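Notes to accompany the following structure.
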Amino acid sequence: MSSYMNSIGKFVCLFMWVSFSFYLWGSEGTVTSIDIRGNHLVPVTTIESMLPVILGDEIDDALMDNGIKSLYESEYFEDVSMSFDHGALQVDVKENLILSGFYYTGVGFFKDSDFKEFIGNAGLKKGSVIHGYQLKRLENDIQTFYQVQGYTDVDVTVVHHLRPGGYVFLEFQIDEGSHLVIEKLNLAGNHALSQSKIEDAIQMSASKWWNFWSSSSSYTTLRYDFAKEALKELYYNQGYYNFQWVNEDVQINDDGRVTINWEIKEGQLFLVGDINITGLHGHDVDISDLIAPLKQPKTSAVREMFFEIKNQIEKRLKDGGYAFASVDIDFLESSRDNQKYINIDFNIDQGQYYRVRRIVFAGNEQSDSQVFRNILPIYEGMRFSESLIERSEWILMSKPYIEYASWEVVQVPDIDNAVDIQFQLVENNRGKTVFKVGHSSVDRSFVAAEYDVNNLLGYGISSSMALQYSHIAKDVSFSISHPNIFGGPWGYESSVNYRRANSKKADEQDHVLHDISFSHGVSRRLDDHNDLLVSLGYSYLTLKNKDQGDNVDYQPFVDIFSRDVEQYSLSGSWRANYLNRFLMPQSGYKHSLDLGLHRVLGNGS
């Protein structure tokens, strides 16, 4: 038994000695190979130059620690690790390169602005972290950018230049290659629609010398296939459901000029046949006026009109309290007396009638939600109305302190006829500081600073303070306005201005030493787009002493106002913020037009 235990002990000792020997052999020894992994932008030679060893050197744990430290100090890497086994040194890195800038070569003059916009949308920003896979994806995106414009053999090379401190500078080398241009687009068989209308719809046309900035004459197979589908869709939408292709031919010359020959058969124009409406219950929502255009004699079966009426029916139902109403359309072809018809079935899922239980605002970290409740046309307990909710979204986005607003309808669990309206808001920065340096004919050279707050205390109050120092005078002004006093349509605007002339002036043309003015007005919101403001103002002007000179212009001024001057004024203005209503009807408006009248009531002393 004892000899057996001795044998086991010797075996254990031998095993531990061999393991320790292998450990020493694995962490120390001669470097026979160096394998670097994880690098995409930093060259292998650059990494090897930072290592404290080369092939044939002896390595130990201290040298490996120094190598890791050296790679970290380059600031090119986020993570570094090393391992050594049987002469093989493996270096694993994770790059962390910061973009310091970029430029490109080979882009044509007329595509330069489009390419700049494309690069900007790709997310290349100075100071951002850049990775190797991003550059590969960007190369492919640039090739696609050119291919959709008719450049078939574009070549893109991205060269990266490393800079100290972990920065990389990118150079895009672009060879645009040959460009395929549509020289002729010959279309036969079109009688109902003109070629110009067809070209506008398919976004493809022959090249014209005066339209050199347009890309509609560039030829690609992708654009060609899109144009074919667009032409078919155009005829379907106009009521020609038997549209057919007769012939198509594309000829590409060696010089890149393309000739396209199309022959089509329009077929017969379909008319609106029978109209059937199912699923509409109750008499609280009337849609007869929406269906009326389809019942006119010999009405063309224009598909766009069908879907427009479908959307109008859904809108009418949702404004009538049916929050989740939907409409499906079925088409059935028929024929009578050699005339083709399209019979239409409007299948209405009217759903449940709903009222608004709660109105919830999210994202308003700075604004009090009660401010929104005071100005919006919706309220808790009202009948659901999609139009009023959309109008509320529009009103929110018109406020200078709201960058973006969206809404969502959420059905209340366990309550059949109640929904919650959730508004998601993105707020602007409340404060803005502006510094100015300039020259004017009145104040000569001046410097100014202005601080504006568009949502003071989160109640929608706007205030501004401005300071200006010029060669002529010092100015201080303060204004504040509140559009909704006590939650109603009434508001107020107040301002204070003080101006003091400098003692040392270049001339004596300004005869006012002090000028202080006050104004206070009451505003009334008429509707979402119109406001009225009536203001009463007071100003007090302190004249300079008469012995300050015999200026000729000054004497008549003193004769009229022998002492200090007081003025009272009454002004009114109408503000109409329709300006952007037509330019951006879906995204709100943030501009206004002011028209005002000003009347001085009298002078005092």
Side-chain angles (χ1 to χ4, degrees), residues 191-194 197-198 200-201 230-243 266-356 377-378 382-394 407 409 417 419 527-529 578 581-582 585-586:
H191 305 290
L193 302 179
S194 66
K197 183 173 183 178
I198 290 176
D200 291 340
L231 180 58
K232 181 179 179 181
E233 189 73 13
L234 174 63
Y235 271 97
Y236 275 26
N237 286 334
Q238 297 297 319
Y240 294 88
Y241 295 90
N242 286 343
F243 169 84
E266 294 179 331
Q268 187 181 25
L269 175 64
F270 282 62
L271 301 180
V272 176
D274 298 331
I275 302 173
N276 185 35
I277 301 175
T278 60
L280 186 64
H281 55 80
H283 303 284
D284 54 337
V285 178
D286 183 18
I287 63 171
S288 58
D289 59 318
L290 303 179
I291 303 297
L294 298 178
K295 296 184 177 181
Q296 299 296 324
K298 297 184 178 180
T299 300
S300 301
V302 179
R303 190 165 60 173
E304 286 183 345
M305 180 172 62
F306 300 154
F307 286 100
E308 181 180 352
I309 292 176
K310 165 191 175 299
N311 294 333
Q312 291 176 352
I313 294 174
E314 289 181 346
K315 187 76 170 177
R316 181 73 59 84
L317 291 169
K318 290 178 180 180
D319 287 346
Y322 299 93
F324 302 102
S326 62
V327 180
D328 291 329
I329 305 179
D330 292 330
F331 302 101
L332 180 63
E333 181 180 336
S334 65
S335 179
R336 296 192 302 270
D337 301 328
N338 296 324
Q339 175 61 55
K340 298 288 187 179
Y341 293 92
I342 293 293
N343 301 324
I344 311 166
D345 291 341
F346 289 97
N347 303 311
I348 300 176
D349 182 6
Q350 191 166 339
Q352 178 71 38
Y353 179 89
Y354 288 94
R355 290 190 175 275
V356 178
I378 59 175
M382 64 173 283
R383 179 188 67 185
F384 180 88
S385 173
E386 187 176 75
S387 293
L388 290 180
I389 298 174
E390 291 176 344
R391 178 182 161 195
S392 300
E393 178 189 33
W394 193 17
W407 58 274
V409 180
N417 62 341
V419 293
D527 53 37
D528 295 341
H529 316 289
Y578 282 92
R581 182 183 182 189
F582 304 105
Q586 300 302 322

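Remember, predicted model here, so these are calculated numbers, not experimental data.
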Solution key, residues 340-347 side-chain donor-acceptor pairs under 3.5 Å, sequence neighbours excluded:
residue: Asn343; atom: OD1; partner: Asp274; partner atom: N; Å: 2.8
residue: Asn343; atom: ND2; partner: Ser334; partner atom: OG; Å: 3.3
residue: Asn347; atom: OD1; partner: Thr278; partner atom: OG1; Å: 3.0
residue: Asn347; atom: ND2; partner: Asp330; partner atom: OD2; Å: 2.8

Ionic contact status for Arg383 with Asp284, cut-off 4.0 Å: no
Contact check, side chains of Val409 and Phe324, non-hydrogen atoms, under 4.5 Å: yes
With Phe331 via ring-ring contact (aromatic ring centres under 6.0 Å, His included) - residues at least two apart: Phe306
Glu390 vs Lys315, salt bridge (charged side-chain N to carboxylate O under 4.0 Å, His left out): CA-CA, chis, key distance, verdict: CA-CA 11 Å; Glu390 291 176 344; Lys315 187 76 170 177; 2.5 Å; yes
Glu266 vs Tyr235 side-chain heavy atoms within contact, under 4.5 Å: yes
4.5 Å side-chain heavy-atom contact, Val356 and Ile389: no
Flag, side chain of Glu233 to backbone of Ala201, donor-acceptor distance under 3.5 Å: no
Test of ring centre spacing under 6.0 Å for Tyr240 and Phe270: no
Nearest-0.5 Å distance, CZ of residue Arg303 to OH of residue Tyr241: 6.0 Å
Atom pair CD/CD1 of Glu393 and Ile378 - distance to nearest 0.5 Å: 10.5 Å
Leu280 and Leu317, any side-chain heavy atoms less than 4.5 Å apart: yes
